[in-house]
Amino acid sequence: MYEIIEKKVMSETVKLMKIKAPLVAKKAKAGQFIILRIDEKGERIPLTIADYDRKKGTVTVIFMEVGKTTKHLGTLNVGDFLLNFVGPLGQPSDIEKYGTVVMIGGGVGIAPLYPIVRELKQMGNYVISILGARNEKLLMLEKEVEKHSDELYITTDDGSKGDKGFVSDVLQKLIDEGRKIGMVMAIGPVIMMKVVANVTRPYKIKTLVSLNPIMVDGTGMCGGCRVSVGNETKFACVDGPEFDGHKVDYDNLMLRNRRFVCEEEESCKLAGV
Amino acid sequence: MAVRKTKYEMAEQSAKERIKNFNEVPYGYNEKTAIEEAKRCLQCKNRPCVDGCPVEIDIPEFIKHIAEGDIDKAVEILKTKTNLPAVCGRVCPYESQCEGECTLKKIGEPVGIGRLERFLADYERKKGVKIPKKAKPTDKKVAVVGAGPAGLTCAGDLAKMGHSVTVFEALHDPGGVLMYGIPEFRLPKEIVKAEVDYIKKLGVEIKYDIVVGKTITVDELMKDYDAVFIGTGAGLPRWLRIPGENLDGVYSANEYLTRVNMMRAYDFPNYDTPVKIGKIVATFGAGNVAMDCARTSLRLGAEKSYIIYRRSDVEMPARDEEIEHAKEEGVIFHLLTNPVKFTGDDKGILKEVECIKMKLGEPDESGRRRPIPIEGSNFKIQIDTALVAIGQSPNPLVPKTVKGLKIGKWGNIETDEDGRTNIPEIFAGGDIATGAATVILAMGAGKRAARAIDKYLKLKK
């Protein structure tokens, strides 16, 4: 059993939780994820690690309430327990010296981006962060990311904060200005990652994306999370979650992520959430 | 008195009934029938059946005690060699092991050894499981990686030898393939849990949610334990490698069965994990796992459930009993048929599979006749779901993360007969060493490794 020792409401639908899981915290690295199950009848869902504290033995997850399990999770409080919490899973990010890196986070994707921003900065990179969301309310971790960034840009779809527009617009501007970029990383909605990869492709800028497909076991056993990368089938759980953004088949990923939309609705309706 | 030539029947649910539920198919012998069946045994001096058993159960001895009505003694004999009798009594391929060697086969059917084993295990479970005497505690600690058939057997045997054993399991339930792979109707999960409880009562500790290779490495385990046994199985699904395999509607057998069995998707939305199959399901492959997929689909409400297999019926790797059960339940077999392409609708949802007819040529390296495509014989089958059940490879997670461990060409851990690897304190067995095989072979490997580990620990002093 894994205790929730801190809970923070980030926005109406986004919550942060610190979970006591010393073994996971001990090994967690930026870019990895965990799988949790709330109770005996629960499903196993993957969440990317937003932070960790090895001394306190805690792992931070930030999640948007989109389905039955995340909505249920959002109703839990400090002192409640999760039945299962396993990790760290997947490959950690390559924390290298790239020179200038552009770190792009969209919506709840900002959460997993944050520790990578921090580590790339510590590694001595010049970090330009671009955070985007539908509106101001859905933006998160702005201050934390800013602290570890040399430049920070904000965009919102409705212009309620920062520039009105998309993260990819800022990226395009940076490229047009002739900034020399060693690596671009994008974490967020699949469509955002697809657009970012399309922006950098003509310039052959190394672009990494972190994928979050449907998973069951998270250890390479079921292949539910398979994605097509450069026409090869990869398992996001063990080969990823980060992949070469120029090679990912985003349309197939979007399709596979919609596999259980009807069942999810049914499940939510039944649970009254 | 002449010996009866056929096994006593084991009552089972009718095919018509059972495809509407997930309950176990056979009901098992009652005591009276078990005693009658046991009396068929000739008590051969040379014990050919024992030679056919990977875990060396003293078969004629336990059968003798059943025949004499001393069921408790029979249980005791059985359990000196197997820690998981209720599992073996259900999923072992007896026909090619113990029963395959039975002298009675010369005049008719062999003794129903599997049925008798199952009877004993069920008898004991109902009565209350007795914990056998254990050896005096040693001060040695062994870590077992993976709570599947190999790991549980190894752990149970080591505990009986007096060692302190901790099992590290990645998933949230014990049993490995017994839990996620084999369906409820063939191996009820309550029975797996009861067998695991027995292992725990022997003193074995099981830790869940620990992915060895990620949460903790084997190298780290070696600091705290005197020896490590790796039994992480063949958890990597193989694919057909044909176009359209990533469409919505194509599952690996592992994903499908894990959702249904371990996550209980058959009880969705009472349980949260969904599975959807539509009306027509095609399973590719013809092994036991394929039969499990095809039969599960009928129970989930599929109107048609196909087995699509590139060779002919004689090459099907599944046990005869599984194939029989599948046929009785209405599974339709498309043999000498190979898929070449999956096609989806405009939304990318699986709609049909294009297949090609095959004929058999000369035997290949497996000794089976090689299937050859018949040019121009392509045809299409409408399907809603495709289940790929053409085998699994060893899961690379653990082997890849142990420094200096010798890995074979299929990604398997290389071991000798007794599970020794090239690193003295590391042992391995089951599918991770041999590639995908059977539950009982994994148990046999766990058993031999336990003996080798015990020997190693005694010398290590």
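It should be emphasised that the depicted structure is a prediction, and the values quoted were computed from it without experimental measurement. Each chain gets a letter, A, B and so on, in the order the sequences are listed, and its residues count up from 1.
- With a 4.5 angstrom heavy-atom cutoff, B:Arg241 does not touch chain A via any of its atoms.
- The shortest non-hydrogen separation linking B:Ile349 to A:Leu255 is N-CD1, 4.5 Å.
- Summarising the local packing, NZ of A:Lys29 is surrounded by 12 or fewer heavy atoms from other residues, nucleotides or ligands at distances under 6.0 Å.
- For A:Ile214, the part lying under 4.5 angstrom from a heavy atom of chain B is the side chain only.
- Sparse packing is recorded around NZ of A:Lys26, with 12 or fewer heavy atoms of other residues, nucleotides or ligands lying under 6.0 Å away.
- Interface remark: B:Asn246 contributes backbone and side-chain atoms alike to the contact with chain A (heavy atom separation under 4.5 Å).
- Per-residue heavy-atom pair counts under 4.5 Å with chain B were compared for A:Asp217, A:Thr219, A:Asp251, and the maximum is reached by A:Thr219.
- For NZ of A:Lys247, the number of neighbouring non-hydrogen atoms (other residues, nucleotides, ligands) closer than 6.0 Å is 12 at most.
- Only the backbone of A:Leu83 comes within contact range of chain B, with at least one heavy atom under 4.5 Å from a heavy atom of that chain.
- With a 4.5 Å cut-off on non-hydrogen atoms, B:Val275 touches chain A through its backbone but not through its side chain.
- Among A:Arg256, A:Glu264, A:His72, A:Glu263, the residue with the largest count of heavy-atom pairs under 4.5 Å with chain B is A:Glu263.
- Annotation for B:Lys341: atom NZ does not count as buried by contact number, only 12 or fewer foreign heavy atoms lying within 6.0 Å.
- In this structure the side chain of A:Glu43 never reaches within 4.5 angstrom of the side chain of B:Phe268, judged on heavy atoms.
- Looking only at heavy-atom pairs under 4.5 Å with chain A, the residue among B:Pro269, B:Ala170, B:Pro237 that has the most is B:Pro237.
- You'll find the side chain of B:Ile210 reaches within 4.5 Å of the side chain of A:Leu23, heavy atoms only.
- By the neighbour-count criterion of 12 heavy atoms within 6.0 Å, atom CG of A:Asn231 is sparsely surrounded, having that number or fewer from other residues, nucleotides or ligands.
- Heavy atoms of A:Asn84 lying under 4.5 Å from chain B belong to its backbone as well as its side chain.
- For a residue to count as touching a neighbouring chain, one of its non-hydrogen atoms must lie under 4.5 Å from one of that chain's; by this rule B:Leu171 touches chain A with backbone and side chain alike.
- Looking at B:Glu220 and A:Lys27, a side-chain N of the basic residue comes within less than 4.0 Å of a carboxylate O on the acidic one, giving a salt bridge.
- Using cut-offs of 30° and 60° for the angle between ring planes, the B:Tyr251 and A:Phe260 rings count as tilted.
- Note: A:Gly90 leads A:Ser228, A:Ala21, A:Gly90 in heavy-atom pairs under 4.5 Å with chain B.
- Judged by distance alone, with hydrogens and angles left aside, the side-chain atoms of B:Asp272 form no donor-acceptor pair with the main-chain N or O of A:Thr69 at under 3.5 Å.
- Using a 4.5 Å cut-off on side-chain heavy atoms (C-beta onward), A:Val216 and B:Met263 make contact.
- The choice from B:Tyr256, B:Tyr208, B:Trp239 that makes the most heavy-atom pairs within less than 4.5 Å of chain A is B:Trp239.
- Both the backbone and the side chain of B:Asn270 come within contact range of chain A, each with at least one heavy atom under 4.5 Å from a heavy atom of that chain.
- Looking at A:Arg44, the atoms closer than 4.5 Å to chain B (heavy atoms on both sides) sit in the backbone and in the side chain alike.
- At distances below 3.5 Å, not a single donor-acceptor pair connects side-chain atoms of B:Thr215 with backbone N or O atoms of A:Val24.
- The contact between A:Phe235 and chain B is made entirely by side chain atoms (from C-beta outward), counting heavy-atom distances below 4.5 Å.
- A heavy-atom distance below 4.5 Å is found between the side chains of B:Asp209 and A:Tyr2.
- Residue A:Lys41 touches chain B through both its backbone and its side chain, counting heavy-atom pairs closer than 4.5 Å.
- A donor-acceptor contact shorter than 3.5 Å is absent between the side chain of A:Arg37 and the backbone of B:His172.
- Nearest heavy-atom pair, B:Ser252 versus A:Cys222, reported as atom, atom and distance to 0.1 Å: OG-O, 2.5 Å.
- Side chain of B:Asn254 to backbone of A:Met221: a donor-acceptor contact under 3.5 angstrom is found.
- Heavy atoms of A:Arg226 lying under 4.5 Å from chain B belong exclusively to its side chain.
- Residue B:Thr273 comes nearest to A:Gly42 through the heavy atom pair OG1-O, 4.2 Å, listed as atom of the first residue, atom of the second, then distance.
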